[in-house]
Amino acid sequence: MAIQWPDSGLIFEVPGVRGKGRPRFTRMGIAYTDKKTVEYERLIKNSYLKHTNYISNKSVRMSMYVCFSPNKSDTKKNKALKLSNAFKPKKKPDADNVVKVVLDALNKVAYHDDTQVNEIHVIRHYDEHERLIICLSENGELFEVKKG
């Protein structure tokens, strides 16, 4: 039996930042996920599983820090400004595609279904290392409304 997440939440890191790619289609019209997205989803899943194999049954809160590294072509001054967060990132991937790739990667790994994730916080900023920092916490029991 896996140990549940600490009350303060489980925090783990994933190297690199990638958003969910657009679906691709075969000549027969069958949709599939591109190889780079599948590899990044596997990286997220494995980063989570290094800490625990607990699967939550409760409502889940997800917080994400999306850390972009400054461009290599930035001047020392611009790099320092970006790292002090005087500038916010205006580059791809955008927040919704990062959320999608993380939700899909942790489906049936950290929670049974991504419909359990009822609260999402995303902060994009600059950092020395490009990475995702993900915090998962449980924020209450899920309940079903009985009809009739």
V60: which of L136, N118, T115, D114 passes side chain to side chain contact (heavy atoms under 4.5 Å, CB included): L136
To the nearest 0.5 Å, tell me how far [X] [atom1] sits from [Y] [atom2].
X	Y	atom1	atom2	result
H125	K82	NE2	NZ	14.5 Å
N78	N71	CG	CG	9.5 Å
L49	N46	CG	CG	6.0 Å
I133	D127	CD1	CG	6.5 Å
L10	H51	CG	NE2	6.0 Å
N139	Q116	CG	CD	10.5 Å

Determine yes or no for a side-chain-to-main-chain donor-acceptor pair under 3.5 angstrom, with R124 supplying the side chain and F68 the backbone. no
Where [X] and [Y] come nearest, the two heavy atoms and their spacing:
X	Y	value
K91	E130	NZ-OE1, 4.3 Å
L83	P70	CD2-CG, 3.9 Å
F87	Y126	O-CD1, 3.5 Å
L106	Y111	CB-OH, 3.4 Å
N107	D113	OD1-CA, 3.1 Å
N57	E138	N-OE2, 4.4 Å

Answer with yes or no whether the side chains of N97 and D94 bring together a donor and an acceptor at under 3.5 Å. yes
Any chain of hydrophobic side-chain contacts (each under 4.5 Å) joining Y65 to F12? no
Common cluster, I11/V17, ILVMFWY with side-chain heavy-atom separation under 4.5 Å: no
Side-chain touch [X]/[Y], heavy atoms, less than 4.5 angstrom:
X	Y	answer
P15	R131	no
V102	M64	yes
L103	I120	yes
I123	V66	no
I55	V109	no

For V98 and L132: C-alpha separation, side-chain torsions, deciding distance, then whether side chain to side chain contact (heavy atoms under 4.5 Å, CB included) applies. CA-CA 9 Å; V98 175; L132 285 179; 3.6 Å; yes
Intermediate values then yes/no, side chain to side chain contact (heavy atoms under 4.5 Å, CB included), F25 and I30: CA-CA 5 Å; F25 295 90; I30 299 169; over 6 Å; no
Salt bridge or not for E41 and K20, using N-O below 4.0 Å? yes
I'd like to know if D34 and R18 make a salt bridge, using a cut-off of under 4.0 Å between side-chain N and carboxylate O. yes
Flag if over 12 foreign heavy atoms under 6.0 Å of NE2, H121: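 Enclosed: over 12 neighbouring heavy atoms sit under 6.0 Å from NE2 of H121.
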